[in-house]
Student: 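Got a structure for you, questions after.
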Amino acid sequence: MDSRIPGFYDEPRERRLELIEDRCDLSDEASDAIAAAAHGDTCDQLSENVVGTIAFPLSVATNFVIDGEDVLVPMAVEESSVVAAASHGAKLARQTGGFSTAVSDPHMIGQVQLRDVADPQAAVARIYEQRAAIRETANDQGVLVSHGGGCREVTARVVDTPRGEMVVVHLVVDVRDAMGANAVNTMVEAVAPQIEDLTGGEAVLRILSNHADRRVARARCTIQPETLAREDSEYTGAEVRNRIVDAWALAAGDPYRAATHNKGVLNGMDALATATMNDWRAIEAGAHAYAARDGYGPLSTYEVAEDGALSCSIAVPVQVGTVGGATRAHPTARAAMEILDVDAAGDLAGVFAAVGLAENLASMRALADEGIQAGHMRLHAKNVARDAGADDDLVEEVAARMVAEDDVRAGRARELVAELGEETDRGGEADRGGH
Ligand code: MEV
């Protein structure tokens, strides 16, 4: 197979798919799957070399109260139990008023890297002397200023690199309701010649930083220990609370655990980013860079409050926009925004932080009590039941039986589908309702 396809990007989407069908000897099933999914024309505009679309399940997480308002959260994710966990975390928090959020100004950083600067420290001083002029050049670009945003600060420092000392200039830009990458990149490219003149160096990189530590969203909630008690648990609510705090402490002391802890947070945030077509790679990069600012650690914190409640909090950079980009272009992303009913990027950032915390709280609760597999198994069992041919009426029951028997296998699912299906045929709906 030859991966060179000259002019591929110029072909219409249908022709591109035909070319891939030929090269990869695709089955009809595969071709149909690629061609069938929705919003092909929109997606063709969003990316390059598009041959089709891939549909994620779009779910809605329930139970969220954020800053006193009920919110339904659209989430697109392929991993079972992520949406259930977010809804569960939100339900725990709901009993004490839900999540409170606080979001910083939407300040993103753009970098200009300068090499071959003869007098780096003095060059830094010259940048600070001329910072008003640099800001002015930056603010002459684009539309941010007319929307109340723009370059707020210019800073400079000397960075020691494997290729010697370099001067790095930061523009701190208020991007308002945009994600901000385009606006910031335009600004740093525009100021680079001026900065070269001031430093006598040569600009290399002129690009946004995804270490968005000036654009941080916080969320917190309080959980009473009684809320953590479960009838079939071997632990009291207070014990589960303490086990959660111990589990968090391991993440604070051990990056091997912190990575998984934060993966749980990002399970929720990425799913919301995907549903609203925000750049989840930026969210991931920013979250991990922020988690690593003092040595890699957890994004969230669990403490015991004076009254014995579990205090849960999170601080995480959220670089998302509500204007422009795929969020506006893609019909399903627009629909997701309609479900959320949020206009300002700051409010959206608060929802992201709350969802990250809810997701993490549910994982922590399960891990500290019955373990994660019981819930996963219930959901997995439903998929196995469905694959084995259980129709909508039988899925729950086949899954429940396999979980109770601790035997979640395709073979057992097929036996149960046959057995229970026959009972249904004999006894009808009324009998099954009695189980
Ligand atoms: C699985 O996708 C996420 C968890 O591993 C997160 C965690 O361990 O905290 C359950």
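Sequential numbering from 1 along the given sequence is applied to the chain's residues. These numbers come from the heavy atoms of this one structure, side chains and all, not from hydrogens, waters or symmetry mates. One-based numbering, in listed order, for ligands and for the atoms of each.
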Student: Measure the distance from atom 6 (C) of ligand 1 to every protein heavy atom, then report the residue, atom name and distance (to 0.1 Å) of the closest one.
Tutor: Thr260 O, 3.6 Å
Student: Would a distance-only check, ignoring hydrogens and angles, find a side-chain to backbone donor-acceptor pair under 3.5 Å from Arg220 to Cys312?
Tutor: no
Student: Which heavy atom of the protein is the closest neighbour of atom 8 (O) of ligand 1, given with residue, atom name and distance?
Tutor: Arg257 NH1, 2.9 Å
Student: Heavy-atom distances under 4.0 Å decide this one: backbone, side chain, both or neither, for Asn267 against ligand 1?
Tutor: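 Looking at Asn267 and ligand 1, just side chain atoms fall under 4.0 Å.
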Student: Report the part of Val82 (side chain from C-beta onward, or backbone N, CA, C, O) that has a heavy atom under 4.0 Å from ligand 1; answer both or neither where that applies.
Tutor: neither
Student: Where the closest heavy atom to atom 4 (C) of ligand 1 is concerned, which of Ala258, Gly268, Ser363 has it?
Tutor: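 Comparing heavy atoms across Ala258, Gly268, Ser363, the nearest one to atom 4 (C) of ligand 1 lies in Ser363.
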Student: Charged N to carboxylate O below 4.0 Å: is that the case for Arg13 and Asp41?
Tutor: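 Yes, this pair counts.
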Student: Any N/O of Glu79 closer than 3.5 Å to an N/O of ligand 1?
Tutor: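 Looking only at distances, the answer is yes, because the N/O contact criterion of under 3.5 Å is met.
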Student: Any salt bridge between Arg281 and Glu284, counting N to O under 4.0 Å?
Tutor: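 So Arg281 does not pair with Glu284 through a salt bridge.
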Student: Answer yes or no: is there a side-chain heavy-atom contact under 4.5 Å between Asn267 and Lys263?
Tutor: yes
Student: Under 6.0 Å from the CZ atom of Arg206, do we count more than 12 heavy atoms belonging to anything else shown?
Tutor: yes
Student: Given that the side chain starts at C-beta and the backbone is N, CA, C, O, which of these parts of Lys263 lies under 4.0 Å from ligand 1, counting heavy atoms, or is it both or neither?
Tutor: side chain
Student: What atoms of ligand 1 come within less than 4.0 Å of a heavy atom belonging to Leu367?
Tutor: 7 (C), 8 (O), 9 (O)
Student: Under 4.0 Å between a side-chain nitrogen and a carboxylate oxygen: does that hold for Asp70 and Arg94?
Tutor: yes
Student: Considering residues, nucleotides and ligands other than His170, do more than 12 of their heavy atoms fall under 6.0 Å from its NE2?
Tutor: yes
Student: Short N/O distance, under 3.5 Å, between His261 and ligand 1?
Tutor: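 No, there is no polar N/O contact under 3.5 Å.
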